[in-house]
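Report on one structure; see the data block that follows.
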Amino acid sequence: MSAPAASDRQRIESLRADIERHNYQYYALDAPLISDAEYDRLFRELQTLEAGHPELVSPDSPTQRIGSAPLAGFETVKHRVSMLSLNNAFDEEEVTAFDRRMREALVTERIDYAAEPKFDGLAVSLCYEHGVLAHGATRGDGESGEDVTANLRTVRAIPLRLAGRNPPVLLEVRGEVVMLRADFEQLNQAQRAKGEKEFVNPRNAAAGALRQLDSRITSTRKLAFFAYGLGAAEGAPAFGTHSALLDYLAECRFPVAKERKVVTGVDGMLEYYRAIGGKRAGLPYDIDGVVYKVNDLAGQRELGFVSRAPRYAVAHKFPAEEAMSEIIAIDVQVGRTGALTPVARLKPVFVGGVTVTNATLHNEDEIRRKDIRIHDTVVVRRAGDVIPEVVRVINDKRPAQAPVFEMPAACPVCGSAVQRLEDESVARCTAGLYCPAQRKQALLHFASRRAMDIEGLGDKLVEQLVDNNIVKTSADLYELDVAALAGLERMAEKSAANVVAAIAKSRRTTLARFIFALGIRNVGERTAADLARAFGDLEPLLQADEQMLQQVPDVGPVVAQSIAQFFAEPHNRDVVGQLLAAGVSFERTPRAANVSSRMSGRTFVLTGALPNLSRDEAKERIEAKGGRVTGSVSKKTDFVVVGADPGSKYDKAVELGITVLDEEGLQELLKE
Ligand code: IVH
């Protein structure tokens, strides 16, 4: 291959710079300088030149935004600086109380706040090394997330290289990936045209796109991004205020909210809230509130954090949306644990960004309490991702004959007896896994993303597998072959092969996922993880009695009883045995000395005098929870606990972006 002519190299460089500048004009500023055709011409010229000089193709070239070969799975990455959540304020009083706390803590009369929209998307962290996008991750549990670098590279609003001459050694930019409403509408239109399932709302569509293992699919999904903060940074300029930081990010060519504004005091915040509320419907993206942050960064540092959220910021949420509709019927659904849930079938109504046709009525007592009857006109509420619910009845609109709902005495699916225990509000089908509804739900749960993560094993397929008696328990899944599946309705050989491969892949999993997948009543994802950490392996968990189970943090008598009962049931033991025999395996989970999911294995540094705890006491308590206390702050430190007159350790912590706690924050952690 001949060496590239200097002119080709230069042309490539200049095309890249031009294209990225036009990306910024288009995606961040919404002010394109050239036509789409002109843009495409530049892009094609660059592609052609790079095709002639493959040695000059670099990861930060705009041509590399088209995605690459699918991954087998996402890697987990630990965030250098935790990605925290925000405390919420739901009304003016709570905002007033927030401002009072800030003024008292900072001992000042008036405070400037950086006010911004609260984007309803997915938080991500973008890591730039020497100005080049090196990694990107989802928020995950705040401590570690999924490495979705390949997908984030396809998002044209995200710079592959920071603009400006002297990029910092390290810059972690935090922000939100969203799908603009217009792009969402277009996507759904295309889905409709193809006869495929539509997305519920832009947030779900964005989440789906970001979690694609095949980044070539992500690249077709038009995602947007807005920056709102920093994680770790090295060699970045020093900023005095949050607004100056956002200006800097804009200079680096990140999109930042046009609606951002510095406001003063409660009046300023509330005025901003009302102004954004008024504009909400016309914004190009979904928001679920506004965020106020103390603008002065020294003030932010002084205020620090309480547990999982900064003390210096608050999210002022918009009220959940409500709409009126009519109940056409009340059906009863049977869940995976046999619980019978009455569900209102509604005349379709648009609320909270989606069309709602069903709303949960929770249970019989709720229906009585709210006196909900069939054919009633009702108020339906939907907040965020929460399942829509019926809030109340409009009594004036009740028709003369509005039948009262009766909980059936027999399971609507299998006909077995329904039982309601005295101290429970829930009625249950007594047939256990002999009830096809429970079996279906149990299988769907087993296969779900956070459990065994079997892609392609959805509603329709599970329905057929159970109805045709092909699968009775989760262990039967591992016996399936392409021939058995390919005979089913709407199942081509290719998709059958994919499902079989996905089932095979799920054999390798973690203990936590496995425990969660079993569908033990009262054992959610978090408890499953705690159990995995406490027992390290399956066998000791199977042996544990209720008392031992209660040693695990957050496991009380009710949960302990559910677990013990589950494993005492011979049928359940058989299924677990069959799953292991089918080759399901997991790495042993390292056992924590004393299990605290948040503290075990974490490194703490103490500095300054704490008001109520001696240093030794603090150390003892941290260690009792599996944490480590060390003497000096480094990148490996997870938390710095700060008392009165902290020294340079505090400065170092701030510099490295390490989570700073005061005694209250530490106590909060210890309590968990
Ligand atoms: S600041 C240290 N600003 O809200 C606080 N968050 O509830 C970091 N979010 O996970 C968050 N818009 O996904 C911040 N303008 C904004 C935001 C915002 C949306 C999300 C973010 C975060 C969640 C916290």
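In each ligand, atom 1 is the first atom listed, and ligand 1 is the first ligand listed.
- Residues Phe226 and Tyr285 place their aromatic rings such that the two centres sit under 6.0 Å apart.
- Between Tyr228 and Glu116, the shortest heavy-atom distance links the atoms CB-OE1, 3.6 Å.
- Every residue meeting the ring pair (Phe, Tyr, Trp, His ring centres under 6.0 Å) condition with Tyr248, not counting sequence neighbours, appears here in chain and number order: Phe239.
- Classification of Asp247 and Arg260 as a salt-bridged pair holds, one side-chain N sitting under 4.0 Å from a carboxylate O.
- No side-chain N or O of Tyr292 forms a donor-acceptor pair with one of Asp99 less than 3.5 Å apart.
- Residues Arg161 and Glu20 are not paired through a salt bridge, judged by the lack of any N-O separation under 4.0 Å between the basic side chain and the carboxylate.
- Sorted by chain and number, the residues within 4.0 Å of ligand 1 by heavy atom are Leu84, Ser85, Leu86, Glu116, Pro117, Lys118, Phe119, Ala123, Arg139, Glu176, Tyr228, Val291, Lys293, Pro310.
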